[in-house]
Number of protein chains: 2
Amino acid sequence: MNLKELSRHLNLSQTTVSRALNGYPEVSEATRKRVQEAAHALNYRPNARAKGLATGRAHAIGHVIPVSNQHEMVNPVFGDFIAGAGSTYAQRGYEIVISLVDDSQEEEAYRNLRTRGSVDGIIMHGPRMDDPRIPLLTELGLPFVVHGRASDINMPYSWLDMNNARAIRRATDFLLDLNHRRIALINGLEHMDFAHRRREGYLAALTDRGVTPDPELMRGEEMTEIYGYRSARDMLATDDPPTAFVVSSMMTAIGVRRAIHEIGRVMGRDVSVITHDDDLSYLKNGENIPIFTATRSSVRQAGVLAAEMLLRLIDDPGQEPQHRLLEAELIIGTSTGPAPTR
Amino acid sequence: MNLKELSRHLNLSQTTVSRALNGYPEVSEATRKRVQEAAHALNYRPNARAKGLATGRAHAIGHVIPVSNQHEMVNPVFGDFIAGAGSTYAQRGYEIVISLVDDSQEEEAYRNLRTRGSVDGIIMHGPRMDDPRIPLLTELGLPFVVHGRASDINMPYSWLDMNNARAIRRATDFLLDLNHRRIALINGLEHMDFAHRRREGYLAALTDRGVTPDPELMRGEEMTEIYGYRSARDMLATDDPPTAFVVSSMMTAIGVRRAIHEIGRVMGRDVSVITHDDDLSYLKNGENIPIFTATRSSVRQAGVLAAEMLLRLIDDPGQEPQHRLLEAELIIGTSTGPAPTR
DNA sequence: ACCGCCACCCAAAGCGCTTTGGGAGAGTTT
DNA sequence: AAACTCTCCCAAAGCGCTTTGGGTGGCGGT
């Protein structure tokens with residue numbers, strides 16, 4: 001059932017039917033109703049491609065997610081982010097187009113989305129410190145919102161970020177207040193902007209209290225469980241082990257916990273752990289009593305807000321770039337306690 | 001830059017340019033080369049919508065993922081599956097369109113994808129026992145592949161599944177061989193087909209050895225960490241606690257482990273745990289020595305294979321429905337050991 | 001010299017929608 | 001009654017491609 005058939009069926013022109021369905025005023029309410037009913041009854045749905053061709057709008061949003069083939073990883077955070085964004089899109093009738101793209105050919109992917117016209121806007125994931133994608137997207141002229149920021153880029157662009165520096169700073173301060181001085185940082189890959197900022201927050205907290213950061217206590221890798229385990233195990237086996245860990249993700253913190261358990265220590269008593277918690281749906285940080293003391297910020301919510309921001313940008317393109325900085329909440333769990341006195 | 005401009009630039013007709021670029025034989029190799037070079041130089045890329053309109057093919061695959069709004073969960077397995085499928089699509093120039101859909105309006109979503117013509121085929125996720133989507137998709141006539149199966153549906157359709165029954169049966173047998181008799185099953189939601197089959201495998205293993213299944217030792221919920229923790233904690237606190245757990249996901253097994261630790265028991269010695277492992281990229285089951293004894297089957301690989309199957313179906317639609325049953329591998333880790341003698 | 005056959009190329013129609021630029025008829029002013 | 005003004009509706013062009021149905025010129029065969 002297409003427009004032509006429907007209009008013939010109604011003894012109306014395609015113009016009128018199209019207008020009736022799209023809410024234009026040049027059609028009487030009586031006919032509009034008649035058209036709508038017929039459309040519903042005959043199960044008519046406009047063809048998306050034709051509509052797109054005619055209007056120049058794809059009614060779709062592109063999410064390009066970098067898949068570094070060395071790691072073969074897809075960020076676990078992505079599922080929840082997209083779920084949040086998706087709920088916003090759904091309300092507005094937008095589709096989600098996902099491109100999984102090898103690091104090496106990201107530029108090509110973005111250009112493709114642009115020139116092939118498959119999307120009206122893009123959400124960019126996983127920005128690095130000096131991310132070339134930002135100037136590229138700006139040049140392409142396609143509306144986009146960055147989930148995160150890029151520290152070394154100072155051209156204007158729209159972003160939505162969590163205050164990583166402050167969150168980790170608070171976390172570190174929390175441990176310092178508990179008299180910890182040997183505090184390890186189990187960070188994400190530090191060419192990623194969020195990880196860089198977290199490190200800055202960690203360092204600032206330490207130096208402000210006159211604690212000299214120890215390179216032996218700082219790591220930055222892909223945030224797997226194994227990585228947390230390995231890092232904690234190694235660090236705890238040294239002569240001067242950390243008494244506390246600041247960890248970049250729940251998944252990794254679980255690995256840290258495993259290492260602590262393995263050597264018969266008790267988390268929260270012998271060794272403290274504080275982690276960032278993205279509030280993932282399948283990995284909630286406990287129920288009433290949180291497992292981990294954590295800085296919490298819902299990535300799902302970030303998805304909702306980023307999508308709203310992008311749709312605003314698409315709706316009127318003349319707008320200034322928009323920004324939104326989310327603050328993490330500090331959740332006190334049972335994984336932290338005063339530094340053990342020797 | 002569009003076809004018209006490009007062809008004018010080359011002093012050729014649109015027809016010839018189009019044919020040259022799409023590899024039709026009616027054009028001399030000399031002109032073809034000339035056209036290709038110009039296209040590349042001028043950064044020409046055909047408009048996807050126009051191409052789609054003309055050919056009737058969207059060059060996109062739809063993934064409709066159910067988002068039960070009661071749970072507000074997006075399956076963590078999804079990220080890896082889509083990464084696998086995406087690598088296949090990328091090679092063939094297909095895009096991924098994702099619809100996140102509330103359980104209640106799934107039918108509408110599928111009909112939409114069909115009649116709006118945004119995709120050439122669909123991969124269906126999370127089939128339930130008697131899933132109405134299968135007859136619906138068959139009726140719609142859109143090629144589709146189910147990731148999983150639906151036990152109560154006996155019409156033909158294409159699917160790719162893991163042998164859930166056998167995997168869990170092997171897992172249970174493994175524990176029985178170690179002399180465990182009080183074996184708990186921490187399953188997924190049992191209206192999901194995979195969970196149903198796992199339960200069948202578990203029950204078959206027990207009854208074959210003359211062990212009467214105890215309803216107190218069987219649970220089925222959304223596979224979060226918390227759920228694993230809570231279930232194990234409760235069961236271990238009873239008068240006749242299980243000595244072993246069969247768990248449906250790594251995430252949940254981690255929760256089980258937490259409960260075991262919490263009461264000061266040692267996993268693998270006091271309490272055994274065997275889990276299914278989807279081999280998720282960010283949650284690898286250890287490195288050389290697996291943490292958990294597990295039945296392993298890569299969901300990423302499943303994504304690759306399902307995508308290939310679907311593309312075959314799209315390429316020649318006259319084909320019979322295809323099937324593929326993957327077997328899980330049994331990985332021996334340190335989380336299992338002989339049943340403690342009282 | 002004629003015919004037929006390739007090899008190459010082209011004009012134009014068509015995919016299913018939106019949108020421009022009217023146009024007919026009823027009602028209102030003057 | 002003529003001149004406007006609305007209100008509703010329509011025909012046709014256009015979005016950027018593919019594809020149908022030729023056309024043209026060169027070559028070999030008779």
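Residue numbers start from 1 in every chain, and the chains themselves are labelled A, B, ... in the order their sequence lines are given, proteins ahead of strands. Heavy atoms only: backbone and side chains are in, while hydrogens, waters and symmetry mates are out.
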Of B:Leu100, B:Val101, B:Ile98, the residue whose pairing with B:Val64 passes side chain to side chain contact (heavy atoms under 4.5 Å, CB included): B:Val101
Distance, nearest 0.5 Å, that separates CG of B:Asn112 from OG1 of B:Thr115: 5.5 Å
Residue whose closest nucleotide on DNA chain C lies nearer the 5' end, A:Thr16 versus B:Val17: B:Val17
B:Leu53 side, atom CG; A:Asn47 side, atom CG - distance, nearest 0.5 Å: 6.0 Å
Set of ring pair (Phe, Tyr, Trp, His ring centres under 6.0 Å) partners for B:His191, sequence neighbours left out: none
Positions of residues 35-48 of chain A (non-hydrogen atom under 4.0 Å from DNA chain D), listed by number: none
Pairs involving residues 6-20 of chain B, ordered by first then second residue, that meet salt bridge (charged side-chain N to carboxylate O under 4.0 Å, His left out) (sequence neighbours left out): none
From CA spacing to verdict: side-chain contact (heavy atoms from CB on, under 4.5 Å), A:Ile61, A:Ile96: CA-CA 5 Å; A:Ile61 302 296; A:Ile96 307 173; 5.9 Å; no
Length of the CG-P vector between A:Leu3 and D:dA13, whole Å: 18 Å
Distance test, side-chain N/O of A:Thr31 to OP1/OP2 of D:dC8, below 4.0 Å: no
End-to-end axis angle, where each axis spans five pairs of the helix from C:dA1-D:dT30 to C:dT30-D:dA1, to 10°: 60°
Nearest-nucleotide pick for A:Asn2, side chain only, options being C:dC9, C:dG16, C:dT19: C:dG16
Whichever of B:Leu53 and B:Glu29 has its nearest DNA chain C nucleotide further upstream toward 5': B:Glu29
Among C:dT18, C:dC8, D:dG16, the nucleotide that comes nearest once only the side chain of A:Lys51 is considered: C:dT18
Pair A:Arg34 + A:Glu29: basic N to acidic O under 4.0 Å: no
Inter- and intrachain pairs under salt bridge (charged side-chain N to carboxylate O under 4.0 Å, His left out), touching residues 124-153 of chain A, at least two apart: A:Glu106-A:Arg128, A:Glu106-A:Arg133, A:Arg111-A:Glu139, A:Arg128-A:Asp131, A:Asp131-A:Arg133, A:Arg149-A:Asp161
Taking distance alone, no hydrogens or angles, what donor-acceptor pairs closer than 3.5 Å link side-chain atoms of residues 117-126 of chain B to residues at least two apart or in another chain?
unit_1: B:Ser118; atom_1: OG; unit_2: A:Glu95; atom_2: OE2; d: 3.1
unit_1: B:Asp120; atom_1: OD1; unit_2: B:Ala58; atom_2: N; d: 2.7
unit_1: B:Asp120; atom_1: OD2; unit_2: B:Arg57; atom_2: NH1; d: 3.3
unit_1: B:Asp120; atom_1: OD2; unit_2: B:Ala58; atom_2: N; d: 3.2
unit_1: B:Asp120; atom_1: OD2; unit_2: B:His59; atom_2: N; d: 2.6
unit_1: B:His125; atom_1: NE2; unit_2: B:His63; atom_2: ND1; d: 2.8

Full working for side-chain contact (heavy atoms from CB on, under 4.5 Å) between A:Leu3 and A:Tyr44: CA-CA 8 Å; A:Leu3 230 210; A:Tyr44 167 77; 3.6 Å; yes
List every contact pair, protein side and nucleotides 24-26 of chain D side both N or O, where the distance is under 3.5 Å.
none

Short side-chain N/O contact to D:dT19 OP1/OP2 from B:Tyr24, under 4.0 Å: yes
Separation of C:dT18 P from A:Arg57 CZ (nearest whole Å): 13 Å
Please tabulate, for side-chain N and O atoms in residues 303-310 of chain A, each donor-acceptor pair with protein atoms closer than 3.5 Å (sequence neighbours left out).
none

Residue pair B:Ala302 / B:His147: nearest heavy atoms and the distance that separates them: CB-NE2, 4.0 Å
B:Leu313 vs B:Gln322, side-chain contact (heavy atoms from CB on, under 4.5 Å): CA-CA, chis, key distance, verdict: CA-CA 8 Å; B:Leu313 248 37; B:Gln322 307 199 357; 3.9 Å; yes
Base-contact (B) and sugar-phosphate-only (S) positions in nucleotides 20-26 of chain C, heavy-atom cut-off under 4.0 Å, - elsewhere: BB-----
Non-hydrogen atoms of A:Ala38 and A:Leu10 that approach each other most closely: CB-CD2, 3.7 Å
Distance in angstrom units between A:His59 NE2 and C:dC17 P, rounded: 15 Å
Per B:Ala50 side chain, nearest of listed nucleotides D:dC9, C:dG16, D:dC17: D:dC17
Pair B:Thr138-B:Phe144, side-chain contact (heavy atoms from CB on, under 4.5 Å): steps then yes or no: CA-CA 8 Å; B:Thr138 311; B:Phe144 71 99; 3.7 Å; yes
Contact residues, residues 112-122 of chain B to DNA chain C [heavy atom, < 4.0 Å]: none
Closest approach of B:Pro321 to B:Ser158 (non-hydrogen atoms, all atoms of both residues): CA-OG, 3.3 Å
Enclosure of B:Arg324 CZ (heavy-atom neighbours >12, cutoff 6.0 Å): no
B:Asn154 atom CG: more than 12 heavy-atom contacts under 6.0 Å: no
Spacing between A:Arg32 atom CZ and D:dC9 atom C1', to the nearest angstrom: 13 Å
Members of residues 4-13 of chain B that approach DNA chain C, where some heavy atom sits under 4.0 Å away: B:Asn11, B:Leu12, B:Ser13
Phosphate OP1/OP2 of D:dT18: any B:Ser18 side-chain N/O under 4.0 Å: yes
Those residues that, when tested against A:Arg92, pass side chain to side chain donor-acceptor pair (under 3.5 Å) (two or more places apart): A:Asp315
Nearest-Å distance for atom pair CD/C1', residues B:Gln14 and D:dT19: 12 Å
